[in-house]
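Below, read A as the first sequence line, B as the second, and so on, with proteins coming before strands; counting in each chain starts at 1. Just so you know, these numbers come straight off a predicted model, no measurement behind them.
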2 protein chains.
Amino acid sequence: MILGEGEAHTLFANIVSGVVKLTKTLEDGRQHIIGLLFASDFLGRAFRKDNPYFAEAATEVELCVFPAAGFEKLLTEHSGLEHRLFQYTLTELDACQEWMLLLARKKAEERVASFLLMIAKRVPNTGCIHSANSEEIRFQLPLSRSEISDCLGLTIETVSRQMTRLKTKGVIELINYREIVIPSVRALQAAAYESAS
Amino acid sequence: MILGEGEAHTLFANIVSGVVKLTKTLEDGRQHIIGLLFASDFLGRAFRKDNPYFAEAATEVELCVFPAAGFEKLLTEHSGLEHRLFQYTLTELDACQEWMLLLARKKAEERVASFLLMIAKRVPNTGCIHSANSEEIRFQLPLSRSEISDCLGLTIETVSRQMTRLKTKGVIELINYREIVIPSVRALQAAAYESAS
DNA sequence: CGCCAAGTTGAAAGGTCTCAACGCTAGTGG
DNA sequence: CCACTAGCGTTGAGACCTTTCAACTTGGCG
């Protein structure tokens, strides 16, 4: 655990490597992952007494930590820094609004495909792009099925079923539970109901 | 229409009165309202060539408009202004992440109750708080059933059914399609599965 | 080898959607 | 003044998708 929901700030940080998940939970345990942080992303909510979410490492993580004390002062003193954080926050908001559309209107299969696309874009690929097809992408999933379901507002079982369905359709290949090959990004985009971006 | 999705900026503005809705749409017409703007809210996405959403008046709206040309320059010149906009963006992000939890994990009835609660907090109340019960709140819905369903990731019919269900339970009273009385905010919060805030 | 956690698969239940019919309200024109 | 129409909202029945619960499989590890 890095930051507790509703607790006072203990730190701000840049992610150097690894993946951090940000979660929110309802009293009865229903849970959702409201965001994933990858290398170069920023962790921490400035100008607020308590954290609005719970931050937790999803993989091995390296952080570049800023002490909580004085961080906001640092921001106001270096307006260039604040400007960059503002820019970053704006793109975070864009991503969040895009994700709302997914949660509100997409079917399970589209959600899983969108998720894989998002991960493929942000996670370092495990190399070996085959010469036969330059479109092929291969990478490690940083999350378990349970965590994926918490990202997508689905259950573990539904995620699992949609994964095998995508596999059956030939849109993805499963090397093992965590390693995935995407033969054609185009086909995955179609399954995610997303235009190229 | 105030701003078109994907189009270049034409304006930035503060909402003086009324309600503006921000929508995103999938190619096949599936649509979602990613945000509602009330009095004192800010409209426009700085530092980006195109609008990430479609902005449209939901009611009669008064705007305080800033010309698109030079707005970003204005921001960088007056860092106090940028700071305030940054603060505002952060609370917008908080609200967006909170809403994701609703879309991902809440049942239809909880969504409708949460929506009414959100509106009750932000819309000017239509007065007449009855002496008998100081908790009572009465207000006008700024949105049609169809727009509400687009906020909540539901269909019109489901929203309608949950409204009558809440009415049957005595959690809300419907004066007419647009006017609502909440006898006990506490009871509505319980239906929304939200702790006081 | 056996155990445990993680993932998959199946069958049935449940919730939301879809489609269709109906009700209400307001505006229009005879 | 009263049909008539159009738009919005409600209600009902059945289809569809996701969840739930349970059993089974896989993979990692002592």
Participant: Verify the distance criterion only: is there a donor paired with an acceptor across the side chains of E62(B) and S17(B) at less than 3.5 Å?
Facilitator: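 Result is yes, a qualifying pair exists.
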Participant: Round to a whole Å and report the spacing from CD1 of I175(A) to C1' of dG27(D).
Facilitator: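 Distance check: I175(A) CD1 to dG27(D) C1' gives 16 Å.
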Participant: Checking contacts here: which listed nucleotide (dT8(C), dT10(D), dG7(C)) is nearest the side-chain heavy atoms of I156(B)?
Facilitator: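 For the I156(B) side chain, the nearest candidate turns out to be dT10(D).
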Participant: Output a table of donor-acceptor pairs, distance under 3.5 Å, between side-chain atoms of residues 151-159 of chain B and any protein atom two or more places apart or on a different chain; print 'none' if there are none.
Facilitator:
residue	atom	partner	partner atom	Å
T155(B)	OG1	T158(B)	N	3.3
T155(B)	OG1	T158(B)	OG1	3.0

Participant: Check the distance between dG9(D)'s P and M163(B)'s CE and give it to me in whole angstrom.
Facilitator: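 Atom CE in M163(B) sits about 9 Å away from atom P in dG9(D).
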Participant: Report, as a single string ordered 5' to 3', how protein heavy atoms within less than 4.0 Å touch nucleotides 12-27 of chain C: B base, S sugar-phosphate only, - not at all.
Facilitator: ----SSBB--------
Participant: Got a sec, which residues hit side-chain hydrogen bond (donor to acceptor under 3.5 Å, both in side chains) with E5(B), two or more places apart in sequence or on another chain?
Facilitator: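 E5(B) satisfies side-chain hydrogen bond (donor to acceptor under 3.5 Å, both in side chains) with no other residue.
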Participant: Could I get the full list of ring pair (Phe, Tyr, Trp, His ring centres under 6.0 Å) partners for F42(A), not counting sequence neighbours?
Facilitator: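 For F42(A), the residues satisfying ring pair (Phe, Tyr, Trp, His ring centres under 6.0 Å) (neighbours in sequence not counted) are F71(A).
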Participant: Given atom CD of E179(B) and atom C1' of dG9(D), what is their separation to the nearest angstrom?
Facilitator: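 In whole Å, dG9(D) C1' and E179(B) CD are 17 Å from each other.
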Participant: Supply the members, apart from Y193(A), of the Ile/Leu/Val/Met/Phe/Trp/Tyr cluster built from side-chain contacts under 4.5 Å; use none for a lone residue.
Facilitator: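 Y193(A) clusters with L101(A), L26(B).
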Participant: So, OP1 or OP2 of dT9(C): does either fall under 4.0 Å of a side-chain N or O from S160(A)?
Facilitator: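 Result: no.
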Participant: Using whole Å, what does the distance between atom C1' of nucleotide dT8(C) and atom CG of N176(A) come to?
Facilitator: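 Rounded to whole Å, this separation is 15 Å.
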Participant: Report the C-alpha distance between F12(A) and F66(A) in whole Å, list the side-chain angles of each, state the deciding distance to 0.1 Å, and finish with yes or no for ring pair (Phe, Tyr, Trp, His ring centres under 6.0 Å).
Facilitator: CA-CA 5 Å; F12(A) 295 90; F66(A) 305 95; 7.9 Å; no
Participant: Starting at CD1 of I148(A) and ending at P of dT18(D), how long is that distance when rounded to a whole Å?
Facilitator: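 The distance from CD1 of I148(A) to P of dT18(D) comes to 16 Å, rounded to the nearest Å.
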Participant: Rounded to the nearest angstrom, tell me the gap between atom CZ in R111(A) and atom C1' in dT19(D).
Facilitator: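 Atom CZ in R111(A) sits about 13 Å away from atom C1' in dT19(D).
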Participant: Measuring to OP1 and OP2 of dT11(D), would you say a side-chain N or O of T164(B) lies under 4.0 angstrom away?
Facilitator: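 So the side chain of T164(B) is within the cut-off, an N or O lying under 4.0 Å from OP1 or OP2 of dT11(D).
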Participant: If the condition is side-chain contact (heavy atoms from CB on, under 4.5 Å), which residues does E92(A) pass it with, not counting sequence neighbours?
Facilitator: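 For E92(A), the residues satisfying side-chain contact (heavy atoms from CB on, under 4.5 Å) (neighbours in sequence not counted) are Y88(A), L93(B).
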Participant: Within this structure, what is the NZ-to-C1' distance between K167(B) and dT11(D), rounded to whole angstrom?
Facilitator: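 It is 12 Å, rounded to the nearest whole Å.
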Participant: Using whole Å, report how far CG of L141(B) lies from P of dG9(D).
Facilitator: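 From L141(B) CG to dG9(D) P: 10 Å.
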